[in-house]
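Structure, as C-alpha cells:
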Amino acid sequence: MNYQNSLAFAIEQDELDSLKRFRDRFLIPKHKGEDAIYLCGNSLGLQPKSAAQYIADQMANWQNLAVEGWFQGSDSWLEYHKPLTRSIANIVGASENEVAVMNSLTVNLHLLMISFYKPDSKRFKIIMEGGAFPSDQYAMESQVKFHGLDPKDAIIEIFPREGEVTLRTEDILNCINEHGDELALVMFSGINYYTGQFFDLPAIAKAAHDAGAYAGFDLAHAAGNVPLKLHEWGADFACWCSYKYMNSGPGGISGIFVHEKHFTDKAMNRLAGWWGYRADRRFLMTPGFDPAVGAEGWQVSTSPIILLALFKASMAIFDTVGDIDILRKKSVALTGYLEFLTGEINKDRGDNVFNIITPANEADRGCQLSIVCSRNAKKIFNYLAENGVIGDWREPDVIRLSPVPLYNSFQDVYHTAKHLANAIEAVK
Ligand SMILES: *Cc1c(COP(=O)(O)O)cnc(C)c1O
C-alpha cells in the first residue's frame, strides 16, 4: 500500500474499510469525554457491546431453570460450548474435535505438558525461545523439576544473535537439529509478547518432528491475530487465551488444541476429571476414566458457563467477519501504516528516537509493533496516556502498540503518530 502522512489519507482509508462497521460493536474507553485510542488489544481486547446480554441470558437461565439449565433451552449448558468449538477451530486451523474451550492458559499449558513432556534418560530437553512470557518460563521450569530434572540441563533457550533483536528461523532450526537426540519437546510461542515476532511455526514443527520431538505452541498473542493452520502444520499441541485478541474479558476462558494423531494413544498421561469423560457416558458415574476422543478428553472440570458466555459474544463477531484472512488483510495495512508514520517521524527529525524491534517483514509479525524509544521512553509513554492513547509499557524502554482490525481505524493510527511526534518535544 502507498501510505501517505495525512489525515485525509487516513479518513479515506477508513471510508474504504469493509470492516469499519465492526468498531461500533465494541465499547471504547473514554478519555476526557472522547473515545480513547485503544492500541492495547494485545493485552486485553475491548468489551463487545453484546457481552452483557450474553451474560444476562445465562443469569436468566440460572434463575428460571436452575439445575435444569444443563439440559433445557435452546442453549442448554451441556451443549453450550459446541458453537464455540466450531468458531475457535476455524481461528486456529483445526478440526472441531481437535480443540476444547476450557480453564485458563497457564493451567492448560501444564495439563498439556503432563501429556506431551515425557522425559527419559535420553530425551529430556525442551527448546524454547529466550525471553518467553514469564508464565511459560515458570511453567517449563516447574514441569522439568516435577520430573526430577534440573532446568539448567533440560531447558535450552534460543536468543537472538549479538546485535540482533529477533530470532532467525535458521538459528531455531539449527538448534533443534543440534540437540536432536536429546530433545523431548520444542515449545514456542506463536508471537513473542515482547518483540511481536511471529515465528515460522510450520518450519519449527517440522524440525521438531524430524528430530523425534514434539512441537507445542503457546498462541496467546497469535490466536485471533494471525491466520493459523495447526492441523496442517502438524503441531502436537497448543493453547491460547481469549482475552487478548479475542476480546473475552479479563481472565477469560482459554482453549487447547491436540492433534488428532494423538487421539488413539490411550496410554498418554493426563490429569483426568469427569468433564473429560466421554460425554455420552459421563453421567453414568462409573469408575475407571474413559476419556472423550478428542481434545475434550483433556477437560477436567465443569464448564464455566459465564466465561463461555463472554467468549460467545466475541466469537459471534468473528463468525460474522467470516474469515481470519479478512481481518489479517486490514491488520497488515494498519500495522504497516503505524510503521510508516513512525518512520516519517524519524525522517522529519533526522534522528532515530523510535526504533521498531518487531520484524519489518509483514509475514513475521501480527498487529503489534514494539517501539524502543532511544530517550525519555517512560515519559513518552506517559505523554501518550495523558493524550488518550492507550498502549502498554514493557521495561526497560519498550512501548507496545497494537492496532486491531476489528475496532481500530487508520485515523487511530494517524493520531497516535501525531502524539508520538509531539511527545518528543513535550517531554524534553
Ligand atoms: C498472556 C500470556 C499468558 C498469560 O497466561 P494466563 O494463564 O492467562 O495468565 C501466558 N503466556 C503467554 C505467552 C502470554 O502471552
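For ligands, and for the atoms within them, numbers begin at 1 and follow the listed sequence. One-based numbering along the sequence shown.
If you look at F116 and H262, their ring centroids are closer than 6.0 Å.
At least one N or O atom of D136, backbone or side chain, sits closer than 3.5 Å to an N or O atom of ligand 1. The N/O atoms of H221, backbone and side chain alike, include one that comes under 3.5 Å of an N/O atom in ligand 1. Taking only nitrogen or oxygen atoms, main chain and side chain alike, S135 does not reach within less than 3.5 Å of ligand 1.
When each atom of ligand 1 is checked for a heavy atom of Y243 under 4.0 Å away, the hits are 1 (C), 4 (C), 5 (O), 6 (P), 8 (O), 9 (O).
The aromatic rings of Y277 and F289 stand perpendicular to each other, their planes meeting at an angle above 60°, with 30° marking the opposite boundary.
A side-chain N or O of D14 and one of Q411 form a donor-acceptor pair less than 3.5 Å apart. Looking only at atom types and distance, the side chain of W77 has no donor-acceptor partner in the side chain of E79 under 3.5 Å away. Counted by atom type alone, N387 and H415 present zero donor-acceptor pairs between their side chains at under 3.5 Å.
At the shortest separation from atom 5 (O) of ligand 1 among protein heavy atoms lies T106 OG1, 3.3 Å. Summary of contacts: the protein heavy atom closest to atom 15 (O) of ligand 1 is K244 NZ, 2.6 Å.
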